[in-house]
Amino acid sequence: MNNVKRAFKYRFCPTDAQAAELSRTFGCVRKVYNLALAARTEAWTRQERVNYNQTSAMLTAWKKTEELAFLNDVSSVPLQQCLRHLQTAFTNFFGKRAKYPRFKSRKKSRKSAEYTTSGFRFCDGRLTLAKMSDSLDIVWSRPLPEGAKPSTVTVSQDAAGRWFVSLLCDDPTIKPLPDTDAAVGVDVGLDHLLTLSTGEKIANPRHERRDRVALAKAQRRLAKKAKGDGANRCKARRKVAKVYARIADRRRDHLHKLTTRLVRENQTIVIEDLTVRNMVKNRSLARAISDAAWSEFRSLLEYKAQWYGREVIAVDRFFPSSRLCSTCGTLQDKMPLHVRTWTCDCGTTHDRDVNAARNLLAAGRAVSACGAGVRPQRSSPDGQSAMKQEVSRCEM
Ligand SMILES: [Zn+2]
């Protein structure tokens, strides 16, 4: 196994000049991304495809025009990188793994710039970006691995105004764990963050309920501020961002601990494949937060599984994990959301979520037995295709 690449993220405090340079860079990245997306979209309506190399050539041409000459003021590395990201977004779209890429908005989109090795210098623990004379004042909250050399550096500013730098490095300290026979199914829910097939229920992070109330209040306040009411609206928006950042931080911390534990304890972890497409319905606040937690959980789980030589199996979302009795295999006709426990004709009384997690585990085991590395898009333990007719789980 090759060395594992790992991102190390830190906060930093830019000087005024650095903050100005980075804000300029974020703006140019957004501009180039949107121009390239517009060009690709325009081609797409003519049933043509524009690739990365073509957008790269466009960038060179844009820089030579008078109205876009300002693109020359910032490092070209992040501009090239955002074209690569757009390429990835289109590859995912064509592969039906993502929706059509969207334009970046000045207020709502993540502000970030990615630098490859030609765009920064890292020496004696000091990181200096292109077009800057001073190194960044980074808060080294945890050490980089011995002798680590970052291959990519991403600078970002979150909606609450905090600055972050993420360094992608080889981490030679990560080694696969010894094999184990243990396997677990994991179900996602609103009442509980996760339910395991072992019967264990894992609660949402502490304070989340209270933070959600605070978030709803801040959002109501923001909604009341008239559009265009400059300073007040800006302040209200910042407040929403702050509460959201607090929720996200606590959640990430919680999910890191959970995923590390699950990966250490189990060889195989079976989860449900909730796709992005499925997640836009029913945008209640709790739902939105739960969806965000789920996709974060999955990505943490997948990369840690790769580090430690474990397997994550995602079972199709059409698989009726809630309606199937995990003891006898009988399929119930319906299972409304308010039903938390139920008794099957075979006499077994089930906790709804634990039953679902057990079914996921069984389905995952069946998939796994078909051969390592097989991850069918639509899997069900006994191959019943009728199961696809189940309505999306979000509505249950
Ligand atoms: Zn039964």
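Ligands are counted one by one from 1 in listed order, and the atoms in each one are counted from 1 as well. Given the structure is predicted, the values throughout are model-derived calculations rather than measurements.
For the Zn ion (ligand 1), the set of protein N/O/S atoms nearer than 2.8 Å consists of C325 SG, C328 SG, C344 SG, C346 SG, ordered by chain and number.
The shortest distance between side-chain heavy atoms of R162 and R11 falls below 4.5 Å.
For the pair V186 and L360, the tightest heavy-atom approach, listed with the atom from each and the gap, is O-CD1, 3.3 Å.
Ion pairing between E208 and R251 fails under the 4.0 Å rule for side-chain N and carboxylate O.
R49 forms a cation-pi arrangement with F94, by the criterion of a distance under 6.0 Å to the ring centre and an angle within 45° of the ring axis. Cation-pi contact between K9 and F164: present, with separation from the ring centre below 6.0 Å and deviation from the ring axis of at most 45°.
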Just do the salt bridge (charged side-chain N to carboxylate O under 4.0 Å, His left out) check on D158 and R110 with the steps written out, would you?
-> CA-CA 7 Å; D158 72 5; R110 195 173 109 89; over 6 Å; no
